[in-house]
Amino acid sequence: MKYRQLGRTPWKVSEISFGAWAIGGAWGTVDDSQSLDALRAAIDCGVNFIDTADVYGMGRSEQLIARLKRERKEEIVIATKAGRRLPSQTAAGYSQKNLAMFIEDSLRNLSTDCLDLLQLHCPPTDAYYQPELFDLMDRFVAAGKIRYYGVSVERVEEALKAVEYPNVQTVQIIFNCFRQRPADLFLEEAKRKQVGILARVPLASGLLTGKLKRNSQFEADDHRNFNRHGEQFDVGETFSGVDYDAGLEAVEEIRKLLPARVSMAQFALRWILMFDAVACAIPGAKTPAQARDNCAASDLPEISADVMRGVRRIYDERIRRSVHQRW
Ligand SMILES: NC(=O)c1ccc[n+]([C@@H]2O[C@H](COP(=O)([O-])OP(=O)(O)OC[C@H]3O[C@@H](n4cnc5c(N)ncnc54)[C@H](OP(=O)(O)O)[C@@H]3O)[C@@H](O)[C@H]2O)c1
């Protein structure tokens with residue numbers, strides 16, 4: 001595992017880290033003992049950064065991570081999020097009172113007295129134009145409730161706005177072979193501002209693992225039952241908002257570019273790591289085998305310029321029109 005500097009924080013984080021949404025719920029049946037094994041396997045592979053949120057299984061994901069932390073001696077940085085428990089998403093909802101309540105709940109779930117990194121969880125666009133919200137976050141830092149804060153964004157423009165606030169340390173954004181827009185402008189800007197980028201949904205909800213088929217079925221409580229045609233672009237960010245069948249066809253094109261003995265998931269993750277502005281990718285994993293497969297991406301050699309151009313061509317020809325200007 002290789003490590004990268006996380007913005008201006010003191011942390012060097014594993015370039016393949018762990019996204020802990022699926023182990024909380026909304027992805028079909030999960031079993032806590034298997035989820036813990038997946039987390040353990042990731043740590044064994046050198047992962048030292050985990051992304052979670054209060055809403056992932058309403059505390060379940062955070063509590064599993066607290067259990068992991070109790071049994072491991074390694075330093076593991078936990079990034080959680082707040083805001084999605086609001087009954088409706090308004091900028092006004094991101095108030096002192098509400099955030100204080102969410103923070104206290106996360107502190108309890110994570111069995112700690114200070115959160116390592118708290119991310120605003122995709123607040124509405126208006127929130128980024130309210131400096132008072134970022135002042136409020138500074139006050140939570142001063143009060144010792146959180147060490148650092150960042151944002152998880154839906155749109156590239158929100159990311160560009162967020163990095164104008166001097167104490168925003170991280171931006172979590174969708175970035176994968178099917179969502180290449182951050183590479184146009186945002187990655188360079190974040191690098192210039194020394195803001196750490198967390199690349200989320202790196203496997204396009206599993207599409208970029210190459211294992212999904214036209215007739216793949218998902219359990220009733222799996223969010224992958226909707227967005228078959230990209231109609232719910234942002235909701236759950238399922239399949240990165242790409243039409244499912246078009247995504248499958250693009251995956252088959254990408255597959256032709258794979259070097260020998262490299263899995264599709266590893267290739268998709270290595271593609272993200274080719275961008276040095278990215279601090280880490282945070283693939284979700286529900287099993288130890290998935291966690292290990294994903295971590296192995298860090299050991300792969302660089303992808304050649306030719307193959308990178310090939311992925312860009314596939315994006316331009318098959319995906320770009322349906323997603324590029326929508327976020
Ligand atoms: N708004 C936000 O802030 C937000 C939104 C979305 C995600 N996130 C964060 O980003 C993380 C990652 O995104 P994501 O979980 O949506 O999607 P993802 O990482 O693109 O896909 C994860 C899913 O793909 C499958 N998978 C993973 N590794 C695999 C492998 N090696 N081989 C085969 N299948 C594999 C697993 O599901 P199956 O085994 O069931 O196929 C896994 O749950 C989340 O966990 C969360 O931390 C944040």
Side-chain angles (χ1 to χ4, degrees), residues 16-31 34-35 38-39 41-42 45 47 49-57 61-62 64-65 78-84 89 117-123 150-155 158-159 170-179 197-213 216-219 221-225 227 232-242 247 251 262-272 280-297 327:
I16 300 296
S17 287
F18 191 100
W21 177 18
I23 63 169
W27 288 75
T29 309
V30 275
D31 152 42
Q34 179 168 270
S35 299
L39 285 165
C45 291
V47 167
F49 183 86
I50 302 175
D51 176 73
T52 183
D54 54 358
V55 281
Y56 296 165
S61 173
E62 289 181 328
L64 278 168
I65 294 164
I78 310 300
T80 193
K81 310 188 197 78
R84 285 279 138 183
Q89 284 296 315
L117 177 70
L118 181 70
Q119 304 158 95
L120 298 172
H121 200 166
C122 297
V151 292
S152 183
V153 301
E154 293 286 9
R155 296 183 171 150
E158 292 167 349
T170 58
V171 170
Q172 182 178 140
I173 188 164
I174 304 190
F175 185 52
N176 63 38
C177 298
F178 288 171
R179 284 289 198 104
I197 297 180
L198 316 181
R200 78 162 175 265
V201 198
L203 299 171
S205 315
L207 256 183
L208 285 167
T209 67
K211 70 179 180 183
L212 298 179
K213 306 272 175 300
S216 293
Q217 300 286 322
F218 303 102
E219 286 178 63
D221 64 341
D222 191 321
H223 72 97
R224 290 172 292 185
N225 279 310
N227 213 32
Q232 304 266 12
F233 187 64
D234 282 338
V235 183
E237 304 175 339
T238 315
F239 305 127
S240 294
V242 170
V251 163
V262 172
S263 77
M264 184 76 202
Q266 288 166 1
F267 179 81
L269 295 171
R270 188 66 185 88
W271 180 90
I272 294 168
C280 62
I282 49 168
K286 291 153 95 180
T287 64
Q290 288 180 351
R292 282 191 283 268
D293 188 30
N294 296 340
C295 287
W327 66 306

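Order of appearance sets the numbers: ligands from 1, and atoms from 1 within every ligand. Note that the structure is predicted; figures quoted are calculated from it, not measured. Keep in mind that the numbers below use all heavy atoms, side chains included, and drop hydrogens, waters and symmetry copies.
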Ligand 1 to A20, heavy atom cutoff 4.0 Å, flagged ligand atoms 45 (O), 47 (O)
May I ask you to check whether C122 has an N/O atom sitting below 3.5 Å from an N/O atom of ligand 1? no
Going by the 4.0 angstrom heavy-atom rule, the piece of L203 near ligand 1 is both
Going by the 4.0 angstrom heavy-atom rule, the piece of K81 near ligand 1 is side chain
Exactly one candidate in D31, L64, I50, T52 meets side chain to side chain contact (heavy atoms under 4.5 Å, CB included) with I23; the answer is L64
**Report entry** Side-chain donor or acceptor of Q266 paired with backbone N/O of V262 under 3.5 Å
**Finding:** no
A student checking ligand 1 against A22 at a 4.0 Å heavy-atom cut-off should list atoms 43 (O)
Considering both backbone and side-chain atoms of P283, is one of its nitrogen or oxygen atoms within less than 3.5 Å of a nitrogen or oxygen in ligand 1? no
Here the atoms of ligand 1 under 4.0 Å from any heavy atom belonging to P202 are 12 (C), 19 (O), 20 (O)
ask   = Do any N or O atoms from the side chain of S152 and from the backbone of Q119 form a donor-acceptor pair under 3.5 angstrom?
value = no
Per-atom filter on ligand 1: closer than 4.0 angstrom to a heavy atom of Y56 are 4 (C), 8 (N), 9 (C), 46 (C), 47 (O), 48 (C)
So for D51 against ligand 1, with non-hydrogen atoms under 4.0 Å, the contacting part is both
In terms of its nearest heavy atom to atom 42 (C) of ligand 1, the top option of G19, G284, A296, A289 is G284
Item to complete: Step by step, work out the side-chain contact (heavy atoms from CB on, under 4.5 Å) result for C177 and L208.
Response: CA-CA 8 Å; C177 298; L208 285 167; 4.2 Å; yes
Under 4.0 Å between heavy atoms, the region of K211 that gets near ligand 1 turns out to be side chain
Note: heavy atom closest to atom 6 (C) of ligand 1, options Q266, E237, M264, belongs to E237
Between M264 and T209, the two heavy atoms sitting closest are CB-O, 3.3 Å
Candidates A26, S152, G28; heavy atom nearest atom 3 (O) of ligand 1 found on S152
Considering both backbone and side-chain atoms of A204, is one of its nitrogen or oxygen atoms within less than 3.5 Å of a nitrogen or oxygen in ligand 1?
yes
Checking E62, R84, K81 against Y56 for side chain to side chain contact (heavy atoms under 4.5 Å, CB included), the one that qualifies is K81
d(W21 CH2, H223 NE2) to nearest 0.5 Å is 3.5 Å
Smallest heavy-atom separation, S17 atom then P283 atom, equals O-CD, 3.5 Å
**OP:** Compute the shortest N/O to N/O distance between V201 and ligand 1 and return yes if it is under 3.5 Å, no if not.
**Re:** yes
> Between N294 and A291, is there a donor-acceptor pair closer than 3.5 Å when you use the side chain of the first and the backbone of the second?
Replying inline: no
Could you give me the CA-CA distance, side-chain angles and deciding distance for E154 and W327, then say whether side-chain contact (heavy atoms from CB on, under 4.5 Å) is met?
CA-CA 7 Å; E154 293 286 9; W327 66 306; over 6 Å; no
(request) Before signing off on this row, confirm whether D222 and ligand 1 have an N or O atom pair separated by under 3.5 Å. (result) no
Would W27 count as being in polar contact with ligand 1, using the rule that some N or O on each side must be under 3.5 angstrom apart? no
- Could you tell me whether ligand 1 has any atom less than 4.0 Å away from a heavy atom of F218? no
So for Q290 against ligand 1, with non-hydrogen atoms under 4.0 Å, the contacting part is both
Quick note on ligand 1: atoms under 4.0 Å from a heavy atom of N294 include exactly 27 (C), 28 (N), 29 (C), 30 (C), 31 (N)
A student checking ligand 1 against H121 at a 4.0 Å heavy-atom cut-off should list atoms 1 (N), 2 (C), 3 (O)
Heavy-atom contact check, 4.0 Å cutoff: does R224 meet ligand 1? yes
What one should report as the nearest heavy-atom pair of A53 and T80 is CA-OG1, 3.4 Å
- Do side-chain atoms of K286 reach the backbone of W27 as a donor and acceptor pair under 3.5 angstrom? yes
key: SB check E237 R200 (cutoff 4.0 Å)   = yes
Do any N/O atoms on A265 end up under 3.5 angstrom from N/O atoms on ligand 1?
-> no
### Message
Looking at E219, I'd like to know if its CD atom is crowded, meaning that more than 12 non-hydrogen atoms belonging to other residues, nucleotides or ligands lie closer than 6.0 Å.
### Response
yes
Keeping N176 on the side-chain end and V201 on the backbone end, is there a donor-acceptor pair under 3.5 Å? yes
Per-atom filter on ligand 1: closer than 4.0 angstrom to a heavy atom of S205 are 17 (O), 18 (P), 20 (O), 21 (O)
Numbered in order shown, the ligand 1 atoms found under 4.0 Å of a heavy atom of G206 are 21 (O), 24 (O)
